[in-house]
Colleague: 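The structure that follows is given in the form of C-alpha coordinates.
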Amino acid sequence: GEDVEQSLFLSVREGDSSVINCTYTDSSSTYLYWYKQEPGAGLQLLTYIFSNMDMKQDQRLTVLLNKKDKHLSLRIADTQTGDSAIYFCAESTGYSTLTFGKGTMLLVSP
Amino acid sequence: SQTIHQWPATLVQPVGSPLSLECTVEGTSNPNLYWYRQAAGRGLQLLFYSVGIGQISSEVPQNLSASRPQDRQFILSSKKLLLSDSGFYLCAWSVGDSNSPLHFGNGTRLTVT
(Lines give C-alpha, C1' and ligand atoms only; values in the text may rest on other atoms or scores of the structure.)
Protein backbone atom coordinates (compact mmCIF):
# COMPACT_ATOMS: atom_id res chain seq x y z
CA GLY A 1 0.00 0.00 0.00
CA GLU A 2 0.92 3.64 -0.16
CA ASP A 3 2.10 5.32 3.00
CA VAL A 4 4.32 8.32 3.66
CA GLU A 5 5.60 8.85 7.18
CA GLN A 6 7.09 11.97 8.73
CA SER A 7 7.95 13.05 12.24
CA LEU A 8 5.41 15.57 13.51
CA PHE A 9 7.61 18.27 15.02
CA LEU A 10 11.07 19.75 14.73
CA SER A 11 12.44 22.66 16.71
CA VAL A 12 15.69 24.44 15.81
CA ARG A 13 17.46 27.68 16.57
CA GLU A 14 17.84 30.39 13.98
CA GLY A 15 21.03 29.90 11.99
CA ASP A 16 21.19 26.15 12.57
CA SER A 17 20.48 23.56 9.90
CA SER A 18 17.16 21.75 9.88
CA VAL A 19 16.73 18.22 8.61
CA ILE A 20 13.23 16.93 7.98
CA ASN A 21 12.91 13.23 7.29
CA CYS A 22 10.38 11.19 5.39
CA THR A 23 9.93 7.52 4.60
CA TYR A 24 7.76 6.11 1.86
CA THR A 25 6.69 2.64 0.88
CA ASP A 26 6.08 2.58 -2.87
CA SER A 27 9.32 1.63 -4.57
CA SER A 28 7.85 2.54 -7.95
CA SER A 29 7.62 6.23 -7.05
CA THR A 30 8.83 8.37 -9.91
CA TYR A 31 9.09 11.75 -8.21
CA LEU A 32 9.27 12.80 -4.58
CA TYR A 33 8.21 16.27 -3.54
CA TRP A 34 8.57 18.69 -0.68
CA TYR A 35 5.87 21.26 0.02
CA LYS A 36 5.76 24.11 2.55
CA GLN A 37 2.57 25.32 4.22
CA GLU A 38 2.56 28.58 6.14
CA PRO A 39 -0.26 29.24 8.63
CA GLY A 40 -3.62 29.71 6.96
CA ALA A 41 -2.24 29.24 3.47
CA GLY A 42 -2.14 26.58 0.79
CA LEU A 43 0.79 24.28 0.09
CA GLN A 44 3.71 25.72 -1.84
CA LEU A 45 5.89 23.43 -3.94
CA LEU A 46 9.45 23.80 -2.64
CA THR A 47 11.43 21.27 -4.58
CA TYR A 48 11.31 17.77 -5.97
CA ILE A 49 13.68 14.97 -6.88
CA PHE A 50 13.48 12.36 -9.58
CA SER A 51 13.77 8.85 -8.27
CA ASN A 52 16.99 8.08 -10.14
CA MET A 53 18.81 10.93 -8.36
CA ASP A 54 20.55 10.80 -4.98
CA MET A 55 20.74 14.48 -4.23
CA LYS A 56 19.42 17.79 -5.39
CA GLN A 57 20.53 21.22 -4.15
CA ASP A 58 18.60 24.43 -4.59
CA GLN A 59 20.06 27.41 -2.71
CA ARG A 60 19.56 26.68 1.01
CA LEU A 61 17.65 23.46 0.34
CA THR A 62 19.25 20.05 -0.11
CA VAL A 63 17.19 16.96 -0.85
CA LEU A 64 18.71 13.56 -0.23
CA LEU A 65 17.14 10.35 -1.49
CA ASN A 66 18.07 6.88 -0.33
CA LYS A 67 16.03 4.71 -2.63
CA LYS A 68 17.20 1.46 -1.04
CA ASP A 69 15.84 2.51 2.35
CA LYS A 70 12.97 4.53 0.83
CA HIS A 71 14.12 7.53 2.84
CA LEU A 72 13.91 11.15 1.78
CA SER A 73 15.23 14.16 3.65
CA LEU A 74 15.08 17.92 3.30
CA ARG A 75 17.92 19.94 4.75
CA ILE A 76 17.49 23.69 5.21
CA ALA A 77 20.77 25.48 5.77
CA ASP A 78 20.96 28.62 7.92
CA THR A 79 17.35 28.23 9.04
CA GLN A 80 15.47 31.50 9.47
CA THR A 81 12.33 32.35 11.46
CA GLY A 82 10.55 32.71 8.13
CA ASP A 83 11.15 29.01 7.54
CA SER A 84 8.74 28.15 10.36
CA ALA A 85 5.94 26.22 8.67
CA ILE A 86 4.62 22.73 8.07
CA TYR A 87 6.62 20.72 5.55
CA PHE A 88 4.98 17.92 3.59
CA CYS A 89 6.68 15.09 1.83
CA ALA A 90 4.78 13.57 -1.12
CA GLU A 91 5.38 10.72 -3.51
CA SER A 92 4.01 10.00 -6.95
CA THR A 93 2.80 6.45 -7.27
CA GLY A 94 0.95 6.49 -10.57
CA TYR A 95 -2.32 6.37 -8.69
CA SER A 96 -4.74 9.29 -9.09
CA THR A 97 -2.40 11.83 -7.59
CA LEU A 98 0.37 12.36 -5.08
CA THR A 99 0.38 10.67 -1.67
CA PHE A 100 1.20 13.08 1.13
CA GLY A 101 2.66 12.58 4.57
CA LYS A 102 0.98 14.25 7.55
CA GLY A 103 3.53 17.03 7.63
CA THR A 104 6.37 18.09 9.94
CA MET A 105 5.89 21.32 11.86
CA LEU A 106 9.18 23.22 11.90
CA LEU A 107 9.54 25.81 14.65
CA VAL A 108 12.50 28.16 14.40
CA SER A 109 13.36 30.10 17.54
CA PRO A 110 15.49 33.25 17.55
CA SER B 1 1.93 32.09 -15.89
CA GLN B 2 -0.63 29.89 -14.23
CA THR B 3 -2.67 31.05 -11.27
CA ILE B 4 -5.33 29.43 -9.14
CA HIS B 5 -8.11 31.31 -7.39
CA GLN B 6 -10.14 29.85 -4.59
CA TRP B 7 -12.96 31.57 -2.73
CA PRO B 8 -14.17 32.43 -0.25
CA ALA B 9 -11.17 32.47 2.05
CA THR B 10 -13.26 31.88 5.16
CA LEU B 11 -16.83 30.73 5.66
CA VAL B 12 -19.02 30.14 8.68
CA GLN B 13 -22.17 28.17 7.96
CA PRO B 14 -24.85 26.62 10.17
CA VAL B 15 -25.50 22.89 10.22
CA GLY B 16 -27.95 21.90 7.50
CA SER B 17 -27.15 24.80 5.20
CA PRO B 18 -25.83 24.34 1.64
CA LEU B 19 -22.25 24.88 0.56
CA SER B 20 -20.59 26.04 -2.62
CA LEU B 21 -16.84 26.58 -2.88
CA GLU B 22 -15.36 27.64 -6.16
CA CYS B 23 -11.95 27.24 -7.72
CA THR B 24 -10.69 28.53 -11.05
CA VAL B 25 -7.38 28.13 -12.80
CA GLU B 26 -5.89 30.56 -15.31
CA GLY B 27 -3.05 30.22 -17.77
CA THR B 28 -3.39 26.54 -18.64
CA SER B 29 -5.73 24.31 -20.57
CA ASN B 30 -7.27 20.98 -19.58
CA PRO B 31 -5.75 20.86 -16.12
CA ASN B 32 -6.34 18.05 -13.67
CA LEU B 33 -8.27 19.54 -10.76
CA TYR B 34 -8.45 18.37 -7.15
CA TRP B 35 -10.28 19.08 -3.92
CA TYR B 36 -8.54 18.22 -0.66
CA ARG B 37 -9.63 18.63 2.93
CA GLN B 38 -7.16 19.27 5.71
CA ALA B 39 -8.51 18.54 9.15
CA ALA B 40 -6.97 19.71 12.41
CA GLY B 41 -4.72 16.67 12.40
CA ARG B 42 -2.91 18.22 9.42
CA GLY B 43 -3.16 15.31 7.03
CA LEU B 44 -4.49 15.95 3.54
CA GLN B 45 -7.49 13.95 2.44
CA LEU B 46 -8.19 13.77 -1.28
CA LEU B 47 -11.92 14.31 -1.81
CA PHE B 48 -12.41 14.59 -5.57
CA TYR B 49 -10.36 14.87 -8.71
CA SER B 50 -11.20 15.59 -12.31
CA VAL B 51 -9.24 14.99 -15.50
CA GLY B 52 -11.74 16.77 -17.74
CA ILE B 53 -15.08 18.57 -18.01
CA GLY B 54 -17.85 16.49 -16.49
CA GLN B 55 -15.41 13.81 -15.26
CA ILE B 56 -15.37 13.56 -11.48
CA SER B 57 -13.82 10.83 -9.37
CA SER B 58 -14.77 10.59 -5.72
CA GLU B 59 -12.21 9.27 -3.31
CA VAL B 60 -14.22 9.31 -0.11
CA PRO B 61 -17.99 8.73 0.13
CA GLN B 62 -19.45 11.57 2.16
CA ASN B 63 -21.75 14.52 2.33
CA LEU B 64 -20.01 16.45 -0.43
CA SER B 65 -20.10 16.52 -4.22
CA ALA B 66 -18.01 18.17 -6.92
CA SER B 67 -18.70 19.47 -10.39
CA ARG B 68 -16.63 20.77 -13.26
CA PRO B 69 -18.89 22.87 -15.47
CA GLN B 70 -16.02 24.42 -17.41
CA ASP B 71 -12.48 23.37 -18.24
CA ARG B 72 -10.85 25.49 -15.57
CA GLN B 73 -13.60 25.64 -12.96
CA PHE B 74 -14.08 23.20 -10.11
CA ILE B 75 -16.88 23.49 -7.56
CA LEU B 76 -17.31 21.73 -4.24
CA SER B 77 -20.88 21.52 -2.94
CA SER B 78 -23.06 20.16 -0.22
CA LYS B 79 -26.82 20.20 0.12
CA LYS B 80 -26.75 20.02 3.93
CA LEU B 81 -23.61 20.66 5.93
CA LEU B 82 -22.66 18.56 8.94
CA LEU B 83 -20.48 19.62 11.86
CA SER B 84 -17.88 17.14 10.65
CA ASP B 85 -17.55 19.06 7.37
CA SER B 86 -15.58 21.76 9.14
CA GLY B 87 -12.00 22.03 7.93
CA PHE B 88 -9.61 23.67 5.54
CA TYR B 89 -10.48 22.97 1.90
CA LEU B 90 -7.78 23.17 -0.71
CA CYS B 91 -8.14 23.21 -4.46
CA ALA B 92 -5.19 22.16 -6.61
CA TRP B 93 -4.29 21.70 -10.25
CA SER B 94 -1.74 19.82 -12.27
CA VAL B 95 -1.00 19.09 -15.90
CA GLY B 96 0.19 15.83 -17.28
CA ASP B 97 0.01 12.46 -15.62
CA SER B 98 -0.41 11.48 -11.98
CA ASN B 99 3.32 11.94 -11.33
CA SER B 100 3.05 15.68 -11.94
CA PRO B 101 3.35 18.19 -9.10
CA LEU B 102 0.24 19.75 -7.65
CA HIS B 103 -0.19 23.51 -7.35
CA PHE B 104 -2.48 24.61 -4.56
CA GLY B 105 -4.82 27.52 -3.98
CA ASN B 106 -4.84 29.46 -0.73
CA GLY B 107 -7.63 27.40 0.76
CA THR B 108 -11.03 28.02 2.34
CA ARG B 109 -11.48 27.75 6.09
CA LEU B 110 -14.98 26.35 6.64
CA THR B 111 -16.51 26.35 10.10
CA VAL B 112 -19.87 24.63 10.51
CA THR B 113 -21.69 25.77 13.63
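Throughout, a chain's letter reflects where its sequence line sits, starting with A, and its residues are numbered from 1.
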Colleague: Please report the C-alpha distance between B:Leu44 and B:Leu46 in whole Å, then the side-chain angles of each, then the deciding distance to 0.1 Å, and finally whether the side chain to side chain contact (heavy atoms under 4.5 Å, CB included) criterion is met.
Modeller: CA-CA 6 Å; B:Leu44 292 168; B:Leu46 177 63; over 6 Å; no
Colleague: Need one label for A:Tyr31: side chain, backbone, both or neither, based on atoms under 4.5 Å from any heavy atom in chain B.
Modeller: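 Side chain only.
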Colleague: Does any backbone or side-chain atom of B:Leu102 lie under 4.5 Å from a heavy atom of chain A? Answer side chain, backbone, both or neither.
Modeller: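 Contact with chain A involves both backbone and side-chain atoms of B:Leu102.
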Colleague: Flag yes if A:Leu106 and A:Tyr33 sit in one hydrophobic cluster, no otherwise; membership is Ile, Leu, Val, Met, Phe, Trp, Tyr, and two members link when side-chain heavy atoms are under 4.5 Å apart.
Modeller: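 The answer is yes; both residues are in one hydrophobic cluster.
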Colleague: Drop me the distance from B:Leu19's CG to B:Lys80's NZ, to the nearest 0.5 angstrom.
Modeller: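 The distance works out to 15.0 Å.
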Colleague: Can you say whether A:Ser51 sits under 4.5 Å from chain B via the side chain, the backbone, both, or neither, judging by heavy atoms?
Modeller: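 Neither the backbone nor the side chain of A:Ser51 comes within 4.5 Å of chain B.
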Colleague: Which one of A:Gly42, A:Gly101, A:Ala90 has the most heavy-atom pairs closer than 4.5 Å to chain B?
Modeller: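 Sorted descending by pairs with chain B, the first entry is A:Gly42.
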Colleague: Heavy-atom distances under 4.5 Å only: say whether A:Leu45 touches chain B with side chain, backbone, both or neither.
Modeller: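 Only the side chain of A:Leu45 comes within 4.5 Å of chain B.
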Colleague: Given the options B:Ser100, B:Gly107, B:Cys91, which has more heavy-atom pairs under 4.5 Å with chain A than any of the others?
Modeller: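 Heavy-atom pairs under 4.5 Å are most numerous for B:Ser100.
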Colleague: State which residue, out of B:Phe74, B:Tyr49, B:Phe48, B:Phe104, fulfils the ring pair (Phe, Tyr, Trp, His ring centres under 6.0 Å) condition with B:Tyr36.
Modeller: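 One option only clears the test, and that one is B:Phe104.
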Colleague: For the backbone of A:Leu107 and the side chain of A:Ser84, can you confirm whether one donor and one acceptor N or O come within less than 3.5 Å of each other?
Modeller: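 No; zero donor-acceptor contacts below 3.5 Å.
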Colleague: Report the residue from B:Leu110, B:Val60, B:Leu90, B:Asp85 that forms a side chain to side chain contact (heavy atoms under 4.5 Å, CB included) with B:Arg37.
Modeller: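 For B:Arg37, the side chain to side chain contact (heavy atoms under 4.5 Å, CB included) check succeeds only for B:Asp85.
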Colleague: Heavy-atom distance under 4.5 Å to chain B: side chain of A:Gln37, backbone, both or neither?
Modeller: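 Contact with chain B involves the side chain of A:Gln37 alone.
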